[in-house]
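Structure incoming, see below.
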Amino acid sequence: MGIALVTGASRGIGRATALQLAQEGYTVAVNYHHNIKAATQVVNEIVERGGKAFTVRADISDEAQVLAMFEALDREGEPLSALVNNAGILFQQSTIEGLSAERINRVLSTNVTGYFLCCREAVKRMSHKHGGKGGAIVNVSSAASRLGSPGEYVDYAASKGAVDSLTIGLALEVAAQGIRVNCVRPGLIYTDIHASGGEPGRVDRLSSVLPMKRGGQPEEVAQAIVWLLSDKASYVTGSFMELSGGR
Ligand code: NAP
């Protein structure tokens, strides 16, 4: 089935996706930034269950590190067949008055430039144009791209708006090259990202306003990503799947 690269797979939605992709038979490249211990645990869990996986460190906002990561994948001897652009960041909840250029640029360089760079390198390897076998890409956006995250992190929401546009444009650009590009937009999911915004209990605080009256689990997002990457979704490209409990 080839290699599936999952960025930010050391925890949260990326971790759940890596575990499920390994069960489907992919060799999973578990990308992480800081937490080698957590990434290694994900690999160990996959291997214990009979799957194949390896860790690959790279800050996706750094072009040289992204290039080195894809070169490491090339040395594995299997084609890259799937990319999950998942690694994302946000910072302390704030109105726009508290946003510095430095913060905005950090959010955009990871959540937007990082996704672009990984898409670029994946397309080079997957495209029929370059002799590749084709492949599938899923971008992890957010319901924030529709809702705007007022008073919390409009910078983050705007970065996810860019991910949506990237998905539309790239899906059309590479549709005839054997590559499908789709997007998931999770809502409130139980992961540690909310602690980065300064409110670890955010999902529970807001769950009562959701139509389904509960937050989502990372595994529920992972299932959708795995389906979009699979041949079961062979006629699906440029699509958005809302994983937000009805909001
Ligand atoms: P999370 O628990 O905070 O995990 C983030 C992951 O991204 C970690 O594995 C982290 O690696 C990695 N990462 C961060 N910066 C990176 C960089 N520059 N290069 C490479 N890896 C980097 O996040 P999550 O909640 O699972 O979110 C995953 C994706 O879903 C994000 O794109 C997020 O925006 C989106 N999302 C989440 C929710 C939600 O409610 N949780 C809702 C909508 C969308 P290290 O720990 O090794 O540094």
Side-chain angles (χ1 to χ4, degrees), residues 5-19 28-43 55-66 68-70 83-91 93 105-118 138-149 152-153 155-164 166-167 183-207 210 214-222 224-225 240-245 247:
L5 169 62
V6 184
T7 64
S10 57
R11 67 184 206 189
I13 293 168
R15 176 184 179 278
T17 304
L19 293 172
V28 183
V30 174
N31 161 258
Y32 67 99
H33 186 199
H34 292 114
N35 199 339
I36 187 170
K37 201 173 155 197
T40 304
Q41 275 170 3
V42 175
V43 168
T55 59
V56 59
R57 187 189 173 280
D59 173 353
I60 59 158
S61 69
D62 182 318
E63 187 166 20
Q65 292 186 37
V66 171
M69 171 167 70
F70 278 84
L83 165 67
V84 183
N85 259 327
N86 166 79
I89 55 168
L90 51 75
F91 293 108
Q93 293 172 359
N105 288 334
R106 279 183 70 188
V107 170
L108 295 179
S109 66
T110 299
N111 298 5
V112 183
T113 308
Y115 276 43
F116 267 87
L117 294 174
C118 291
V138 171
N139 291 326
V140 181
S141 175
S142 171
S145 77
R146 294 183 279 111
L147 301 169
S149 307
E152 293 193 325
Y153 15 70
D155 52 348
Y156 168 82
S159 76
K160 295 303 187 178
V163 169
D164 292 358
L166 163 65
T167 303
C183 190
V184 293
R185 284 197 287 231
L188 292 161
I189 310 299
Y190 286 99
T191 73
D192 292 334
I193 202 170
H194 307 286
S196 309
E199 191 187 358
R202 180 168 175 264
V203 178
D204 283 333
R205 174 173 66 84
L206 293 169
S207 56
L210 298 177
R214 69 168 180 88
Q217 296 298 333
E219 291 73 19
E220 295 181 286
V221 180
I225 296 171
F240 292 80
M241 199 180 282
E242 312 297 339
L243 293 145
S244 48
R247 184 157 79 147

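Start at 1 and go down the list; that is how both ligands and their atoms are numbered.
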Inset, instruction - May I ask you to check whether S145 and D164 show a side-chain donor-acceptor distance below 3.5 Å? - result: yes

Inset, instruction - Determine whether M69 and R57 make a side-chain contact, defined as any pair of heavy atoms from C-beta on separated by less than 4.5 Å. - result: no

Legend entry - Amino acids contacting ligand 1, non-hydrogen cut-off under 4.0 Å: G8, A9, S10, R11, G12, I13, N31, Y32, H33, H34, N35, A58, D59, I60, N86, A87, G88, I89, T110, Y115, V140, S141, S142, Y156, K160, P186, G187, L188, I189, T191, D192, I193, H194

Inset, instruction - Not counting sequence neighbours, which residues clear side-chain contact (heavy atoms from CB on, under 4.5 Å) with T110? List them please. - result: I60, S61, I89

Inset, instruction - Please name all residues satisfying salt bridge (Lys or Arg N to Asp or Glu O under 4.0 Å) with R15, sequence neighbours left out, ordered by chain then number. - result: E45

Legend entry - Pair T7, N31: side-chain N/O donor-acceptor within cut-off below 3.5 Å: no

Inset, instruction - Can you sort out the partners of Y153 under ring-ring contact (aromatic ring centres under 6.0 Å, His included), two or more places apart, ordered by chain and number? - result: Y156

